[in-house]
Peer 1: 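Before anything else, here's the structure in question.
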2 protein chains.
Amino acid sequence: MFLRNTGRASSVSNYEGQAASTGEARVNVLRLSGPCERWDERDTDFIREILDLVGDKWSMLVIGVLAGGDARYSDLDTAIPAISRRMLTLTLKRLQRSGLVDRTAYAEVPPRVEYSLTGLGASLLSAIGHLAAWSAEQHTEIRRHQDAYDMSATRSAYLA
Amino acid sequence: MFLRNTGRASSVSNYEGQAASTGEARVNVLRLSGPCERWDERDTDFIREILDLVGDKWSMLVIGVLAGGDARYSDLDTAIPAISRRMLTLTLKRLQRSGLVDRTAYAEVPPRVEYSLTGLGASLLSAIGHLAAWSAEQHTEIRRHQDAYDMSATRSAYLA
DNA sequence: CGGCATCCTAACAGATACTG
DNA sequence: CAGTATCTGTTAGGATGCCG
């Protein structure tokens, strides 16, 4: 559907990636066990949209908390201690705008507001889960590369 | 492994998300067909790391191009017209530092430099693919929500 | 060709004070 | 409690010029 095959081979095919280990064909998901593939301009746009949606500093974390069930504003604030109230508000508004999160305000004193994942928001969890799984599997390896790179030779200050 | 179950139910379970449609159990990937789950602090860190790694404006796009086979600096520059040379360089360096991308310089005149995905980098394609697939499936729905939200009532200028 | 260095700007994000 | 408004610092990122 959105990842088309090209003839150009690279070093990809001999690596046992995650997709290869599923052993199960999914129509619209890139599989690494076969020859090399690349994405076209549409995929670029899709990636862009996802990044715009949840590629910021807090969105995925908020979604992660809401995955555990509805939460009040203050619940989220304490569940994500590092976030400022400003950023929490902004993040919630954006998620709400895109239909990933529902906001329910109860007219009480003191006021109570519950946030919850919508079905749409919940459907994102799976995709995020794959990313988290990849990170969990590879982060030691990644750290190793980074350390090795940082150790090797003095490099320019161009890279912060 | 990293997504633990909580008793609190939400509106998640009746939505046919992506995970549910795979029909195949994966040990470490969140499945939405069951009761609601949430992530612990470790997952938060994993998400953080992924975002730090490829959550920026260009990394995923560069990876996408390299998925199509090795490419020279100028190939990447033309394949991603919107990117500035500065950002391309910075992005490649960071990907290289984390071991996702390999750089091979040939001592010729004029100089030639080839970039390629490492096995590690290629293994990310699958996870990204899930995100892209989600975006492809849902982006119309998302747009619809956004439009509706933007239409409804005048809201404060707090949200840009 | 494949970069690096410099300048500059705008968006992002934290702290704080205030409000319905 | 659940925000909003404002002020301010920090960083991401674009434009441009130079250099091996």
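In the text below, chain A, chain B and the rest are named by the order of the sequence lines, each starting its count at 1.
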Peer 1: With the side chain of A:Pro111 defined as its heavy atoms from C-beta on, choose the nearest nucleotide among C:dG3, C:dG20, C:dC18.
Peer 2: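 Looking only at heavy atoms from C-beta outward on A:Pro111, the closest nucleotide is C:dG20.
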Peer 1: Round to a whole Å and report the spacing from OH of B:Tyr73 to P of D:dG20.
Peer 2: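 Between P of D:dG20 and OH of B:Tyr73: 17 Å.
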Peer 1: Any salt bridge linking A:Asp77 with A:Arg85? Criterion: basic side-chain nitrogen under 4.0 Å from a carboxylate oxygen.
Peer 2: no
Peer 1: Given 3.5 Å as the limit, does a donor-acceptor pair link the side chain of B:Ser152 with the main chain of B:Tyr149, or not?
Peer 2: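 Judged by distance alone, yes, a pair lies under 3.5 Å.
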Peer 1: From the options D:dG14, C:dC1, D:dA2, select the nucleotide whose nearest atom is closest to the side chain of B:Ser84.
Peer 2: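 From the listed options, D:dG14 comes nearest.
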Peer 1: Roughly how many Å is it from CG in B:Leu90 to C1' in D:dG14, rounded to a whole number?
Peer 2: 12 Å
Peer 1: Does B:Tyr115 place a side-chain N or O at less than 4.0 Å from the phosphate oxygens OP1/OP2 of C:dG3?
Peer 2: yes
Peer 1: What nucleotide among C:dC1, D:dA2, D:dG3 has an atom nearest to a side-chain atom of B:Pro110?
Peer 2: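 From the listed options, C:dC1 comes nearest.
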Peer 1: What is the distance, rounded to the nearest whole Å, between atom CZ of B:Arg112 and atom P of C:dC1?
Peer 2: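 Roughly 14 Å, once rounded to whole Å.
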Peer 1: Report yes or no: does A:Thr78 contribute a side-chain atom to a donor-acceptor pair with the main-chain N or O of A:Asp75 at less than 3.5 Å?
Peer 2: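 At least one qualifying donor-acceptor pair exists.
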Peer 1: Heavy atoms from C-beta onward define the side chain here; which of C:dG3, C:dG14, D:dA2 lies closest to that of A:Met87?
Peer 2: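 For the A:Met87 side chain, the nearest candidate turns out to be C:dG14.
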Peer 1: Send over the distance from A:Asp77 CG to C:dG14 P, rounded to a whole Å.
Peer 2: 12 Å
Peer 1: Write down the distance between CD (B:Glu108) and P (C:dG2), rounded to a whole number of angstrom.
Peer 2: 10 Å
Peer 1: If you look at every heavy atom in A:Gly55 and B:Leu51, which pair is closest and at what distance?
Peer 2: O-CD2, 4.1 Å
Peer 1: Hydrogens and angles aside, do B:Thr89 and B:Tyr73 bring a side-chain donor and acceptor to less than 3.5 Å of each other?
Peer 2: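 B:Tyr73 and B:Thr89 do have a side-chain donor-acceptor pair below 3.5 Å.
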Peer 1: Only one of A:Leu95, A:Val113, A:Leu92 clears side chain to side chain contact (heavy atoms under 4.5 Å, CB included) with A:Arg103; which?
Peer 2: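 Looking at A:Leu95, A:Val113, A:Leu92, the match for A:Arg103 under the side chain to side chain contact (heavy atoms under 4.5 Å, CB included) is A:Val113.
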Peer 1: Taking only the side-chain heavy atoms of A:Arg86 (C-beta and beyond), determine which of C:dT6, C:dG3, C:dG14 contains the nearest atom.
Peer 2: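 Among C:dT6, C:dG3, C:dG14, the one nearest the side chain of A:Arg86 is C:dG14.
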Peer 1: Hey, does the side chain of A:Lys93 come within less than 4.0 Å of D:dT4's phosphate (OP1/OP2), counting only N and O?
Peer 2: yes
Peer 1: Which whole-number value in Å describes the distance from A:Ile83 CD1 to C:dC12 C1'?
Peer 2: 13 Å
Peer 1: So if I take residues 51-58 of chain B and measure heavy-atom distances to DNA chain D, which residues fall below 4.0 Å?
Peer 2: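 Per residue number, the list reads B:Lys57, B:Trp58.
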Peer 1: Using atom CG of B:Leu61 as one end and atom C1' of D:dG13 as the other, report the distance to the nearest whole Å.
Peer 2: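 Value for this atom pair: 14 Å.
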Peer 1: If every non-hydrogen atom of A:Arg48 is compared with every non-hydrogen atom of B:Leu61, which pair is closest and at what distance?
Peer 2: NH1-CD1, 3.2 Å
Peer 1: So, does B:Arg85 get its side chain near the phosphate of D:dT16, meaning an N or O under 4.0 Å from OP1 or OP2?
Peer 2: no
Peer 1: Could you state the atom-to-atom distance from OH of B:Tyr106 to P of C:dG3 in whole Å?
Peer 2: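 Result: 13 Å.
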